[in-house]
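Accompanying notes for the structure given below.
Throughout, numbering of the chain's residues begins at 1 and tracks the sequence.
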Amino acid sequence: MSAPAPRNGSSLSPVEIRRRLLGYLAQYRFPLIGGLVAGTTVASIQGWIMKQISVYIESLNRGNVGTLAWVCVGVVGLYAVMGVLKYAQNVLLATVAQRVGVRIRRDIYAHLQTLSLAYFHQRRTGALMSALTNDVAKLQNAAMMMKEIVATPLQLVIYLGFMISISWQMTFFTLLVVPFIAVAIQRLTRRLRRISQTTQERLADVSAVMEETISAPRIVRAFVAEDRELKRFETVSDLAVNSQLKVVRRSGRLGPIVDVIGAAGVSAILFFGGQQVVAQQMNSGSLIAFIGIASLVANAANGMGNLKAGWEEMMGAADRIFSEILDVTPDIRDAPGAKDLPTIQGRIEFDRVEFAYVPGIPVLSGIDLTIEPGQVVALVGETGAGKTTLADLVPRFYDPTGGAVRVDGVDLRTVTVASLRRQIGIVPQDTLLFSGTIRDNIAYGRPEATDAEVAEAARAANIAPFIESLPDGYASRIAERGASVSGGQRQRIAIARALLADPRILILDEATSALDAATEAMVQEALERLMKGRTTLLIAHRLSTIVNADKIVVLKRGGCIAEMGTHAELMARNGVYAALFETQRRSAAIGSETSEGAA
């Protein structure tokens, strides 16, 4: 069934983002709780030690050195306990953070596998890679932030309790600065979420430029564009750095401002407390203890400010991940109650098919076409006539916007996508091989295939002699994108892959157009074996390769069928096909004469 258009960056509410982040954290609740308990215990011990300072000093004033010695030993022991608790807190929360990061990346990657080709055509690869790296890294901080989100307020409550027990009047003076700190935090962090989103977009631009240039080194060097690409990279990098620095500058103001406000509070404490000590209404030990606890409160308040800044950045990253990736509804998905497609004969029917990538701009218009089982049907026409789009409707890479596509009389929208695609094989013009062994690439559609079946497919594809000549044979590793093998070898490995999958329907996208004559002959022989007994849809640019097709369908711009018939019928009609064929024949003859003259 066709889905609604993908969502494109519509922001979620903060409440919804928090709910979903907590859902990830809840999966690791036990180490999370353990880390938070450890952090809260540390805060309690710190406050208690500060509270006892007055007792220690009073003991010293009374000359009770023995008690003081034991107290000092106790302090060392307590700090040792605090060290163990801090270690446990860091390890437990870091474990949660890493697990959450892996889970989110896994969910993003899994969801990307469900999205249609249209989604990837609308978004840059670099932007998606940036989301998987930069944005997820910020979301991982959610677990570490929980330490502050939960522990810091608890610390403040604990510290304030100790302060009140020493002097409620001085505690009142301390709390007078809290509203000023709250206002500073709110004002300085208010725009951080939006700035952070802009920063992530700039980082996505950097990733996109890197992905484009690194994946196309031959083009860059062929056009001597190294310096131009370097300048482009520097430009987007500078924009990203400026955006990041904007976040740093805005966040960096927070600490100093909170410190100054806190210092004003400490000064008030010193003034008021000093007067009480002079008036003998408070002993010096209590004042020192109070100031120590107040410093802990100031540190906690500063931590709250940094936490708010980091939280806004994280919320921006989470919004991008949820709204632009995880919440995008797949265009192509199984309809409710969809059934598996049984083994097919291979009859394909296009019934008044319409299709448009952009509403109002048709790519296919009123296509009526029936392909019988075992037939080889070629799609020809000028660039942009809709040949590839028509073929892409068969494996449901797209759904028609009008009409229906049926296989063996079954509307493709009523069956599961997996059961349909398992019976379709595709050999594209630009074959992509994956990093791994040659065997892995051949068995990509049937990982459970035996070594004998893999070797048989390779022999049928005319690639076995090359593979067996390699030192590691089928275990030989292929470089990324198949860069370590030639174009003809890549095509024959792709053919072997299709042969092993044993599809009932085959789609060939001009699989020999970029090959030399000798290699083309080997690939063509392998293709003929592959097409035997299978319904084949052949997208053709060189018309000389399709003269033996059972049916040739000529498409014109706008996606209409201009002509249809065998090669002989269309040549006799002396229409669009005949004109195209004659033009290519003359071009080939001129090219041949030019080559002979040069020789």
Side-chain angles (χ1 to χ4, degrees), residues 346-358 361-395 397-398 400-407 412 424 426-430 505-515 520 524 527-528 530-531 534-591:
R347 187 176 191 270
I348 305 172
E349 180 184 359
F350 298 92
D351 182 8
R352 292 174 295 179
V353 166
E354 309 275 342
F355 184 81
Y357 294 104
V358 179
I361 306 177
V363 177
L364 298 173
S365 301
I367 300 294
D368 279 308
L369 172 64
T370 299
I371 304 172
E372 298 298 337
Q375 277 192 329
V376 175
V377 173
L379 302 177
V380 303
E382 60 183 307
T383 301
K387 302 182 295 295
T388 300
T389 301
L390 185 61
D392 281 347
L393 297 180
V394 179
F397 291 154
Y398 303 97
T401 52
V405 181
R406 302 185 183 90
V407 171
L412 300 185
I424 298 174
I426 300 176
V427 180
Q429 178 179 357
D430 184 16
I505 295 174
L506 185 63
I507 299 173
L508 304 177
D509 188 355
E510 194 55 271
T512 64
S513 63
L515 306 178
E520 180 182 359
Q524 192 63 46
L527 285 173
E528 288 172 2
L530 176 60
M531 291 187 291
R534 295 181 171 89
T535 304
T536 302
L537 205 55
L538 175 61
I539 302 170
H541 303 284
R542 276 196 306 182
L543 303 185
S544 60
T545 62
I546 60 166
V547 294
N548 295 322
D550 297 308
K551 186 185 297 183
I552 298 171
V553 178
V554 184
L555 297 175
K556 63 181 180 180
R557 187 169 292 275
C560 299
I561 295 179
E563 296 177 329
M564 186 162 50
T566 64
H567 171 74
E569 291 170 347
L570 293 177
M571 290 299 292
R573 191 174 300 170
N574 200 28
V576 177
Y577 176 82
L580 287 172
F581 190 87
E582 185 60 25
T583 299
Q584 288 194 8
R585 188 190 65 78
R586 285 199 303 268
S587 297
I590 293 171

- Note on the structure: Between the CD1 atom in I561 and the CG atom in L555, the distance rounded to the nearest 0.5 Å is 6.5 Å
- Do the side chain of K556 and the main chain of E382 share a donor and acceptor less than 3.5 angstrom apart? no
- Would you confirm whether E563, through its side chain, and Y577, through its main-chain N or O, come within 3.5 Å as a donor-acceptor pair? yes
- Message: Quick check against the 3.5 Å criterion: does T566 have a side-chain atom that pairs as donor or acceptor with the backbone of K551?
- Response: no
- Of the non-hydrogen atoms in A578 and L570, which two are nearest, and what is the gap between them? CB-O, 4.0 Å
- CG-CD distance between D550 and E372, expressed to the nearest 0.5 angstrom: 10.5 Å
- Is the closest side-chain heavy-atom distance between D351 and D368 below 4.5 Å? yes
- Do R557 side-chain atoms and T383 backbone N/O form a donor-acceptor pair below 3.5 Å? yes
- Approximate separation, where rounding is to 0.5 Å, of T389 OG1 and Y357 OH: 2.5 Å
- Message: Just verifying a value: how many Å separate T370 OG1 and M564 CE, rounded to the nearest 0.5 Å?
- Response: 8.0 Å
- Task: Verify the neighbour count for atom CZ of R352: are there more than 12 heavy atoms of other residues, nucleotides or ligands below 6.0 Å?
- Result: no
- Quick one: pull up CZ in F355 and CG in D392 and give me the separation to the nearest 0.5 Å. 8.5 Å
- Query: Do you know the tightest heavy-atom contact between V394 and F350?
  - Reply: CG2-CZ, 3.7 Å
- Grab the two heavy atoms, one from I539 and one from A391, that are nearest each other, plus how far apart they are. CD1-CB, 3.7 Å
- Side chain to side chain, I426 and F397, heavy atoms closer than 4.5 Å: yes
- Note on the structure: All heavy atoms of S365 vs all of C560, minimum pair found to be CB-SG, 3.8 Å
- Without swapping roles, check the side chain of E354 against the backbone of G366 for a donor-acceptor pair under 3.5 Å. yes
- D509 side, atom CG; L538 side, atom CG - distance, nearest 0.5 Å: 9.0 Å
- Task: Find out whether I505 and I371 are in side-chain contact, i.e. whether some heavy atom of one side chain is under 4.5 Å from a heavy atom of the other.
- Result: no
- Task: List the atom of A385, the atom of L364, and the distance in Å for their closest heavy-atom pair.
- Result: O-CD2, 4.5 Å
- Task: For P400 and V405, work out which heavy atoms get closest and say how close.
- Result: CG-CG2, 4.2 Å
